[in-house]
Amino acid sequence: MESSRIRSAMLFDFYGELLTEKQREYFDLHYNEDYSLTEIAEMSGISRQGVWDIIKRAEAALTEIEDKTRLIERFLERNGQIEELERELSKAGCLTDSVRDKLRRLKV
């Protein structure tokens, strides 16, 4: 369940601006602010099922965008390579503070 929330949060961080305002609001409340579907429904004046449908459509749209662009996949792969490089440089005794800072800035 937690990895699903992390994936949803990453999808939102990368592509959330492509959602409608309502999709963005409900998705953010549910996944980032940890509101329940019932709480969002009460705040919005719609049914719990209506909130669920909006969030699921938003998630499907974000997943479709990621499937086409693979930006998150490439981001995670690149960060993994940077971490591997940092470990190798550390083992070799070549990891200065300056190099470490530059590698960390690359991961952002």
Side-chain angles (χ1 to χ4, degrees):
M1 180 70 170
E2 188 61 32
S3 66
S4 173
R5 279 197 174 277
I6 292 170
R7 184 180 192 289
S8 295
M10 287 191 79
L11 286 168
F12 186 76
D13 288 346
F14 272 76
Y15 308 115
E17 291 301 314
L18 300 174
L19 298 173
T20 67
E21 186 176 331
K22 188 175 286 192
Q23 286 175 326
R24 210 172 29 253
E25 178 187 359
Y26 292 0
F27 197 94
D28 184 48
L29 286 171
H30 185 61
Y31 285 111
N32 295 332
E33 302 298 326
D34 207 28
Y35 279 69
S36 71
L37 298 175
T38 302
E39 290 171 320
I40 298 169
E42 289 172 358
M43 289 172 24
S44 305
I46 66 172
S47 69
R48 183 183 181 283
Q49 184 64 46
V51 171
W52 176 253
D53 291 343
I54 290 169
I55 291 172
K56 283 298 142 189
R57 277 196 301 274
E59 192 161 15
L62 296 176
T63 299
E64 183 179 345
I65 294 165
E66 172 58 16
D67 288 346
K68 290 178 181 176
T69 64
R70 299 282 185 214
L71 291 176
I72 296 172
E73 180 182 312
R74 291 188 305 224
F75 170 81
L76 293 173
E77 183 179 307
R78 190 189 89 206
N79 279 356
Q81 291 169 342
I82 292 168
E83 288 169 5
E84 183 180 333
L85 179 60
E86 189 173 6
R87 283 190 301 273
E88 289 178 19
L89 287 170
S90 181
K91 273 195 245 177
C94 300
L95 188 61
T96 64
D97 288 341
S98 173
V99 171
R100 180 180 289 116
D101 290 343
K102 288 175 185 175
L103 290 172
R104 289 195 177 139
R105 280 194 301 268
L106 285 174
K107 290 193 317 188
V108 176

(message) Closer than 4.0 angstrom, basic N to acidic O: yes or no for Arg100 and Asp97?
(response) yes
(message) Are the side chains of Leu89 and Glu86 in contact, using a 4.5 Å heavy-atom criterion?
(response) no
(message) Quick check: do His30 and Val51 have side-chain heavy atoms less than 4.5 Å from each other?
(response) no
(request) For Arg105, enumerate each residue passing the side-chain contact (heavy atoms from CB on, under 4.5 Å) test, keeping only those at least two apart in sequence or located in another chain. (result) Asp101, Lys102
(request) Drop me the distance from Glu42's CD to Ser36's OG, to the nearest 0.5 angstrom. (result) 7.0 Å
(message) Let's go through Leu85 and Gln81 carefully: what are the C-alpha distance in whole Å and the side-chain angles of both, what is the deciding distance for side-chain contact (heavy atoms from CB on, under 4.5 Å) to 0.1 Å, and is it a yes or a no?
(response) CA-CA 6 Å; Leu85 179 60; Gln81 291 169 342; over 6 Å; no
(request) Starting at CD1 of Ile6, measure out to CG of Asp13 and round the result to the nearest 0.5 Å. (result) 11.5 Å
(request) Look up atom CD in Glu77 and atom CZ in Arg74, then write down how far apart they are to the nearest 0.5 Å. (result) 9.5 Å
(message) So, taking the atom named CZ in Arg104 and the one named CD1 in Ile82, what distance separates them when rounded to the nearest 0.5 Å?
(response) 12.0 Å
(message) Enumerate the ring pair (Phe, Tyr, Trp, His ring centres under 6.0 Å) contacts for residues 32-78, please, sequence neighbours excluded, ordered by first and then second residue.
(response) Phe14-Phe75
Table please: side-chain donor-acceptor pairs of residues 21-28 below 3.5 Å, with sequence neighbours left out.
residue, atom, partner, partner atom, Å
Gln23, OE1, Thr20, N, 3.1
Gln23, OE1, Thr20, OG1, 3.3
Arg24, NH1, Leu19, O, 2.8
Tyr26, OH, Ser44, OG, 3.1
Asp28, OD1, Asn32, ND2, 2.8

Please table the atom pairs, donor to acceptor, closer than 3.5 Å between any side-chain atom in residues 62-70 and protein atoms at least two apart or in another chain.
residue, atom, partner, partner atom, Å
Thr63, OG1, Glu59, O, 2.9
Glu64, OE2, Lys68, NZ, 3.1
Glu66, OE1, Tyr15, OH, 2.4
Glu66, OE1, Leu71, N, 3.2
Glu66, OE1, Ile72, N, 3.0
Glu66, OE2, Ile72, N, 3.3
Glu66, OE2, Glu73, N, 3.1
Thr69, OG1, Tyr15, OH, 2.7
Thr69, OG1, Ile65, O, 3.0
Arg70, NE, Glu73, OE1, 3.4

(request) Could you pull out all residues at least two apart from Glu83 that satisfy side-chain contact (heavy atoms from CB on, under 4.5 Å)? (result) Arg87, Lys107
(message) Checking Asp34 now: which residues fulfil side-chain contact (heavy atoms from CB on, under 4.5 Å) with it, not counting sequence neighbours?
(response) Arg5
(request) Hey, could you give me the CG/CG distance between Leu95 and Leu103, rounded to the nearest 0.5 Å? (result) 6.5 Å
